[in-house]
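Shown next, in structure tokens, is the structure this report addresses.
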2 protein chains.
Amino acid sequence: MAAKGRGRVTIGDVAREADASVTTVSRVLNDVRTVDPTLAHRVRQAIADLGYRPSAAAQSLARGRSGTLGVLVPDLANPHFSDLVKAFTATVRESGARVLVMDSDEDPAAERDLAEDLLRYADGLLLCAPRMPRADLAALAHRGTPLLVANRRDPGLALHTVDVDFHQGVLAVCGHLAQLGHRRVVYLAGPEGSWANRERLRALSGAEAFGLHVTVLACGSTTDDGHAAAERALAAGGTALVAYNDFVALGLLSRLAELGVRVPDAISLTGFDEIDLARFSSPPLTTVAVPRSGLGRAAARSLVRLMDGEVEGAFDALPVELHVRGSTSAPS
Amino acid sequence: MAAKGRGRVTIGDVAREADASVTTVSRVLNDVRTVDPTLAHRVRQAIADLGYRPSAAAQSLARGRSGTLGVLVPDLANPHFSDLVKAFTATVRESGARVLVMDSDEDPAAERDLAEDLLRYADGLLLCAPRMPRADLAALAHRGTPLLVANRRDPGLALHTVDVDFHQGVLAVCGHLAQLGHRRVVYLAGPEGSWANRERLRALSGAEAFGLHVTVLACGSTTDDGHAAAERALAAGGTALVAYNDFVALGLLSRLAELGVRVPDAISLTGFDEIDLARFSSPPLTTVAVPRSGLGRAAARSLVRLMDGEVEGAFDALPVELHVRGSTSAPS
DNA sequence: TTGAAAGCGCTAACAC
DNA sequence: GTGTTAGCGCTTTCAA
């Protein structure tokens, strides 16, 4: 019935109970077909009776792999990452593995250590939007364990990567604004060291070739950051505000309402990384939807393949989609 | 310099390189003092030279514990849980352990299996707002591994629990509305099976004793749910809407704006579980702040103590705080 | 189809 | 202060 004696139930206990060898029990556990049905049944019975669960540690040691994949994100509370992690985890689970999640709390200095620690437990690692220095990234990549980097490219480093086409997304935003007749826009920039931000800047400077003049203002990535930057943004003198993401945009929107500045009549506003609430603000936000779950799934598939030793070809950036809503209009 | 031969660098390789025994290397690794400084230095040098990392699996097996704690949440993308997980993880890490996170995707049927699986890897488990049947919860609790349940109480089950005082929070909301002069309110209910929702209902019926009449409408927990429920909520004929949480409230607010119903002039509105955006909506939301991070930290401390075999006393529900803002006023 | 036994890499008695 | 060695619980040749 229950576990006997002290300590955990081991495979040996099951073997004794079923009057079989540990090898046989192991075979049943691992679905090896060459076991007599009667014996297999006895073993399964014993497993159930004793409430036996194989020790993950012992299995890992004997097999030489843990069946666990690691993910390191800068901030789990950011929907961008939690959606990615959810999709990644669900997809990985389909192939029978587990996921160990760590959060670096936006601390570039901690990233390296956490990743290193994660690698002791995991058979492979997904690094999301890492902010660590190139050298650290290179060192990790050469540790031997399969490593996949999401949303950060570095041509010099020969990393395996998956990412989203931020560049195209920002070009779409700029194109939309330009076609409406805007000529001077203000960009509220995101975190330094973020590849996503660098890509946005690169696209903005591309847009300048089309006659769009862009003023860049340091800002951040939260609603508070946006709220606090509103006055500076207005002072910069554009006809449209391009926010780093939807949180910043909603913060701006809130402050603009307090200041009596009408959106989009007095000034247009765009977000990025569409969040659920973007549809529900007043006015609803023109923004760019990025395939967060798609990225998570792609990462999972890619990492699983990497671990199977398959060589990965170049990976295209996932496409994004501009959603035009009420927060943008022709300049007055 | 680098790892030699095939496969991983083991403690034996380090011992050979440093001309010491594996025991000594193990001692250095585990900060046991009784090692000659010179030898210890040689060992550390060898570790660095070889790029040695102890195998987590081997350590777990030999030590009999994994140094890993599990957390199971219904939805990582919900800030309620991601904040909790972040605080839990950070606190646990201070005591040298790691955290394995799993997401049940709001599927009560999957919870039991995931928890069971988690227990094979972890020395202890935190179950957040579990929706599984009582019997499953009871079975898990009797598995032997330390188990802590957050935000679900069950007096018959003798569980170790930590939670937030939802009851008090909803009473505060109702008291606030009653004092403003409201007599008929509509409650937009959250997920069935959620203890948080049951506690809210319990508080609402308590408030009826004070003459507040409450109509309960099934709704959900997302912005979409709130948006979709607005017409029904208006039809229910109250002077105030009490939403299950801030997402529902913001969804309602958005739809009410579309319908031309002014908040709070035509109808008052309250949220719950204050999110960042609550301050920034128009009007800003009257809501209840719950100590998400505090709960995560409390859970971590409690679980660590449980694992040290310390018997836990009863745990008080963490206090919450009503934040009155522009979305509530006296009925017209 | 089944079982005995040799590891997997590390820790922790126990001896020296 | 240091080393030898017997496990930890499982998988996996290799024989039978």
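Throughout, protein chains are lettered first and strands after them, A, B, ... in sequence-line order, and every chain is numbered starting at 1. As the structure is a prediction and not an experimental result, all values here were calculated from the model.
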Nearest-angstrom distance from the residue atom [atom1] of [X] to [atom2] of [N]:
{"X": "B/Arg42", "N": "D/dG1", "atom1": "CZ", "atom2": "P", "result": "16 Å"}
{"X": "B/Arg120", "N": "D/dC10", "atom1": "CZ", "atom2": "P", "result": "10 Å"}
{"X": "B/Arg63", "N": "D/dG7", "atom1": "CZ", "atom2": "C1'", "result": "16 Å"}
{"X": "A/Ile11", "N": "C/dA4", "atom1": "CD1", "atom2": "C1'", "result": "14 Å"}
{"X": "A/Arg27", "N": "C/dT2", "atom1": "CZ", "atom2": "C1'", "result": "6 Å"}
{"X": "B/Arg33", "N": "D/dT2", "atom1": "CZ", "atom2": "P", "result": "14 Å"}
{"X": "A/Tyr121", "N": "C/dG9", "atom1": "OH", "atom2": "P", "result": "17 Å"}
{"X": "B/Asn30", "N": "C/dG9", "atom1": "CG", "atom2": "C1'", "result": "13 Å"}

**Q.** Pairwise distance SG(B/Cys128) to CG(B/Asp75) - rounded to 0.5 angstrom
**A.**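 B/Cys128 atom SG to B/Asp75 atom CG measures 11.5 Å (nearest 0.5 Å).
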Please state whether the phosphate of [N], meaning OP1 or OP2, lies under 4.0 angstrom from any side-chain nitrogen or oxygen of [X].
{"X": "B/Ser21", "N": "D/dT2", "answer": "no"}
{"X": "A/Ser55", "N": "D/dC10", "answer": "no"}
{"X": "A/Gln59", "N": "D/dG9", "answer": "no"}

Q.
Can you tell whether the side chains of A/Arg42 and A/Glu17 come within less than 4.0 Å, N to carboxylate O?
A.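 Here A/Arg42 does not pair with A/Glu17 in a salt bridge, since their nearest N and O are not under 4.0 Å apart.
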Q) Are B/Arg16 and B/Asp13 ion-paired here, with the side-chain N under 4.0 Å from a carboxylate O? A)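 Salt bridge present between B/Arg16 and B/Asp13.
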**Q.** Under 3.5 Å donor-acceptor pair, A/Arg53 side-chain atoms to D/dG9 base atoms
**A.**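 Absent.
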Q: Check if the side chain of B/Thr23 and the base of C/dT11 share a donor-acceptor pair of N or O atoms closer than 3.5 Å.
A: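 Absent.
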Q: Report the residue (B/Arg65 or A/Thr24) whose heavy-atom-nearest nucleotide on DNA chain C is the more 5′ of the two.
A: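 Residue closer to the 5' terminus by nearest nucleotide: A/Thr24.
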Q: Nearest-nucleotide wise, let me know which of B/Leu61 and B/Thr34 is further upstream toward the 5' end of DNA chain D.
A: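 In this pair, the answer is B/Thr34.
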Q: Looking only at side-chain atoms of B/Ala58, point me to the closest of D/dG9, C/dG9, C/dT2.
A: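 Looking only at side-chain atoms, B/Ala58 lies closest to C/dG9.
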Q.
For a quick test of reading the model, state the closest non-hydrogen atom pair linking B/Gln59 to A/Arg120 and the distance between them.
A.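 Scanning both residues completely, I find the closest heavy atoms to be OE1-NH1, 3.2 Å.
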Q.
Students often get this wrong, so: under 4.0 angstrom with heavy atoms, is A/Ser26 touching a base, only sugar-phosphate, or nothing?
A.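 The answer is base, as A/Ser26 lies within the cut-off (heavy atoms under 4.0 Å) of a base atom.
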Q) Do A/Asp123 and A/Ser66 get their side chains close enough for a donor-acceptor pair, meaning under 3.5 Å? A)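 Yes, a side-chain donor-acceptor pair sits under 3.5 Å.
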